S.K.: 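Next up is a structure, given as structure tokens.
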Amino acid sequence: MKILRDIKKMQRLAADLRKEAKAIGFVPTMGALHEGHLSLIRKACQENDCVVVSIFVNPVQFGPKDDFKKYPRNFKRDTFLCKSEGVDIIFYPDARSMYAADYKTYVNVEGLSNSLCGKFRPGHFRGVATVVAKLFNIVQPVRAYFGQKDAQQVTIIKKMVGDLNIPVQIRVLSTLREDDGLAMSSRNSYLSPVERSEAQVLSGALDLAKDLIRKGSRDSLLIIRKMRRLIKQKKSASVQYICVVNPETLEPIEKIKDKVLIALAVYIGKIRLIDNIMVNLKHG
Ligand code: AMP
């Protein structure tokens, strides 16, 4: 397994691989890898000749009050995990080479970046779209792998790839969960034992919504109210948002029909966690 820090070297290697008709599968991450990341890596290994994992805590997607400095970093462990999974290349650039002092170019996917998480994290998705576009240009993958866990990110990246004609196939894999339903996240490591146990309420609230819909509820506001009531029972939990939206446009849906994305962000103590489910009435 190669570890590359230099952008030009990564680009040259990617170009050589493409010349040899080797399909590059790409998994962009911020490191602190867990089973969720590994599920993307495993799929990439199955479907491609060569797998590149990037590890880059992207400063541009963190706001001034976000946890950029505190974000968990464990490169040694990440390297070990990638090697065990059969990753070919880790791309591990530093922030100064990705964003030179005179850096000026940003990608803004309009209309999709200011709702849900974007409403509370201004500039976050501009940072995400920018770094993903840069990484695609550097790694030149045939396929790139993302988790449904970050549903708004998926919607935005798909739109960006379509709008900018980027020649990459976006593969979206389902959210990996702990045994009690909590979506795996690098940020779970911040939770105290009590918070960790109360954090189950995020997936619990989504299960409740699914159950209500299965039993015939179609009124989003009513469902959201019931989800809030459930979450409120946990002392450490406070809801930032719960939304029922169209998964492509992210516009709110009042009466549920066809396919909806139910997404939420909840503070557990000081830690902000997100989760979501897709409900498709047509497929049960
Ligand atoms: P991150 O390192 O948090 O930027 O995540 C890198 C990629 O892993 C993103 O595409 C995430 O959506 C995906 N990911 C994070 N958590 C999970 C999970 N629990 N299940 C599946 N994919 C995940």
Side-chain angles (χ1 to χ4, degrees), residues 25-47 51-63 66-68 70-75 77-79 81-82 85 87 90-93 95 98 116-118 121 124-136 139 141 143-161 168-191 196 199-200 202-203 206 247 261 263-266 271-278:
F26 177 43
V27 184
T29 81
M30 298 205 297
L33 303 181
H34 51 66
E35 279 295 320
H37 298 112
L38 299 187
S39 70
L40 306 185
I41 291 173
R42 282 176 199 140
K43 195 66 167 182
C45 289
Q46 280 166 22
E47 295 182 343
V51 170
V52 180
V53 173
S54 64
I55 297 179
F56 182 58
V57 184
N58 175 33
V60 177
Q61 72 189 59
F62 287 79
D66 289 340
D67 55 349
F68 174 68
K70 260 184 34 204
Y71 194 83
R73 290 164 171 88
N74 196 341
F75 186 67
R77 183 171 171 276
D78 292 346
T79 311
L81 290 171
C82 284
E85 294 299 332
V87 168
I90 294 182
F91 178 53
Y92 181 50
M98 289 291 276
L116 307 176
C117 289
R121 303 186 70 187
H124 171 66
F125 288 111
R126 172 182 180 258
V128 169
T130 300
V131 80
V132 172
K134 281 172 73 68
L135 289 168
F136 284 171
V139 175
R143 298 181 194 88
Y145 296 78
F146 292 87
Q148 181 58 36
K149 156 92 187 340
D150 297 277
Q152 187 170 13
Q153 171 170 287
V154 164
T155 303
I156 287 172
I157 298 300
K158 280 183 172 168
K159 190 79 184 109
M160 174 184 83
V161 162
V168 61
Q169 187 191 333
I170 302 300
R171 304 274 286 119
V172 182
L173 302 189
S174 50
T175 303
L176 243 83
R177 298 178 179 281
E178 303 287 355
D179 288 343
D180 67 350
L182 177 66
M184 287 183 184
S185 162
S186 307
R187 290 190 170 98
N188 294 350
S189 64
Y190 299 145
L191 299 169
R196 168 63 192 83
Q200 190 280 332
L202 275 84
S203 63
L206 292 167
L261 171 71
L264 48 75
V266 175
I271 310 309
R272 182 179 178 277
L273 300 177
I274 59 170
D275 200 351
N276 69 83
I277 48 164
M278 205 81 91

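Remember, it's 1-based here, ligands and their atoms both numbered in the order they're listed. The structure presented is a predicted model; accordingly, all values stated were derived computationally and were not measured. Heads up: numbering here begins at 1 and tracks the sequence.
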S.K.: Please list, in number order, the atoms of ligand 1 under 4.0 Å from a heavy atom of Thr175.
M.R.: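 Heavy-atom distances to Thr175 below 4.0 Å select 19 (N), 20 (N), 21 (C).
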S.K.: Please state which part of Gln153 comes within less than 4.0 Å of ligand 1, counting heavy atoms only: side chain, backbone, both or neither.
M.R.: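 Under 4.0 Å from ligand 1, Gln153 contributes side-chain atoms alone.
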S.K.: Rounded to the nearest 0.5 Å, what separates atom CZ in Phe125 from atom OG1 in Thr130?
M.R.: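 Spacing of CZ (Phe125) from OG1 (Thr130) equals 12.5 Å.
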S.K.: Enter the distance from Leu116:CG to His124:NE2 here, rounded to the nearest 0.5 Å.
M.R.: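 So the CG of Leu116 and the NE2 of His124 are separated by 11.5 Å.
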S.K.: Check if His34 has a non-hydrogen atom at a distance under 4.0 Å from any atom of ligand 1.
M.R.: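 Within the 4.0 Å threshold, so yes.
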S.K.: Which residue owns the protein heavy atom closest to atom 6 (C) of ligand 1, what's the atom, and how far is it?
M.R.: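 Scanning the protein heavy atoms, the shortest distance from atom 6 (C) of ligand 1 goes to Pro28 O, 3.3 Å.
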S.K.: To the nearest 0.5 Å, tell me how far Leu33 CG sits from Cys82 SG.
M.R.: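 Between atom CG of Leu33 and atom SG of Cys82 there are 5.0 Å.
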S.K.: List every atom of ligand 1 that sits less than 4.0 Å from any heavy atom of Thr29, numbering the atoms from 1 in the order shown and giving each element.
M.R.: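 Those atoms are 2 (O), 6 (C).
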S.K.: Heavy atoms only, cut-off 4.0 Å: how does Val154 contact ligand 1, side chain, backbone, both, or neither?
M.R.: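 Neither part.
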S.K.: Any nitrogen or oxygen of Phe146, main chain or side chain, under 3.5 Å from a nitrogen or oxygen of ligand 1?
M.R.: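 Between Phe146 and ligand 1 (N or O atoms, distance only) the closest approach is not under 3.5 Å.
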S.K.: Is the number of heavy atoms from other residues, nucleotides or ligands within 6.0 Å of NZ (Lys149) greater than 12?
M.R.: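 Yes.
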S.K.: Could you identify the single nearest non-hydrogen protein atom to atom 10 (O) of ligand 1 and state the distance to 0.1 Å?
M.R.: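 Protein heavy atom with the smallest distance to atom 10 (O) of ligand 1: Gly147 N, 3.0 Å.
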S.K.: For atom 4 (O) of ligand 1, find the nearest protein heavy atom and state the residue, atom name and distance (0.1 Å precision).
M.R.: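 Going by distance alone, atom 4 (O) of ligand 1 is nearest to Met30 CG, 3.6 Å.
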S.K.: Give the numbers and elements of all ligand 1 atoms closer than 4.0 Å to a heavy atom of Met184.
M.R.: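 This gives 16 (N), 17 (C), 18 (C), 19 (N) as the contact atoms.
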S.K.: Rounded to the nearest 0.5 Å, what separation is found between the OG1 atom of Thr155 and the CG atom of Asp150?
M.R.: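 One finds 10.5 Å between OG1 of Thr155 and CG of Asp150.
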S.K.: What I want to find out is whether Asp275 reaches Arg177 closely enough, with some N-O distance under 4.0 Å, to be called a salt bridge.
M.R.: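 Salt bridge between Asp275 and Arg177, a charged N being under 4.0 Å from a carboxylate O: yes.
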S.K.: When you measure from the centre of the six-membered ring of Tyr190, is the NZ or CZ of Lys70 under 6.0 Å away and within 45° of the axis?
M.R.: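 Because its charged atom sits under 6.0 Å from the ring centre and within 45° of the axis, Lys70 does stack over Tyr190.
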S.K.: Using non-hydrogen atoms of the residue, decide whether Ser174 is closer than 4.0 angstrom to ligand 1.
M.R.: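 Contact check Ser174 vs ligand 1: positive.
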S.K.: Considering only non-hydrogen protein atoms, determine which one is nearest to atom 5 (O) of ligand 1 and report residue, atom name and distance to 0.1 Å.
M.R.: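 Atom 5 (O) of ligand 1 sits closest to the protein heavy atom His37 NE2, 3.4 Å.
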S.K.: What protein heavy atom sits nearest atom 20 (N) of ligand 1, and how far off is it?
M.R.: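 Atom 20 (N) of ligand 1 sits closest to the protein heavy atom Leu176 N, 2.8 Å.
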S.K.: Quick check for you: to the nearest 0.5 Å, what is the distance between Asn276 atom CG and Ser203 atom OG?
M.R.: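 One finds 11.5 Å between CG of Asn276 and OG of Ser203.
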S.K.: Any heavy atom of Leu173 sitting closer than 4.0 Å to ligand 1?
M.R.: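 Per 4.0 Å heavy-atom rule, Leu173 does not contact ligand 1.
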S.K.: What protein heavy atom sits nearest atom 11 (C) of ligand 1, and how far away is it?
M.R.: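 Answer for atom 11 (C) of ligand 1: Asp150 OD2, 3.1 Å.
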S.K.: Kindly compute the distance separating NE2 (His37) from CD1 (Ile55), expressed to the nearest 0.5 Å.
M.R.: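 So the NE2 of His37 and the CD1 of Ile55 are separated by 9.0 Å.
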S.K.: List every atom of ligand 1 that sits less than 4.0 Å from any heavy atom of Leu40, numbering the atoms from 1 in the order shown and giving each element.
M.R.: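 Ligand 1 atoms under the 4.0 Å threshold to Leu40: 7 (C), 8 (O), 10 (O), 13 (C).
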S.K.: Would you say Tyr92 and Asp78 are linked by a side-chain donor-acceptor pair, where the criterion is simply a distance under 3.5 Å?
M.R.: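 Note: Asp78 and Tyr92 side chains miss the donor-acceptor criterion.
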S.K.: Can you tell me if Gln148 has a non-hydrogen atom under 4.0 Å from ligand 1?
M.R.: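 Heavy atoms of Gln148 never come under 4.0 Å of ligand 1.
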S.K.: Can you spot which of Ile157, Val27, Leu40 makes a side-chain contact (heavy atoms from CB on, under 4.5 Å) with Phe146?
M.R.: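 Result: among Ile157, Val27, Leu40, Ile157 is the only option passing the side-chain contact (heavy atoms from CB on, under 4.5 Å) with Phe146.
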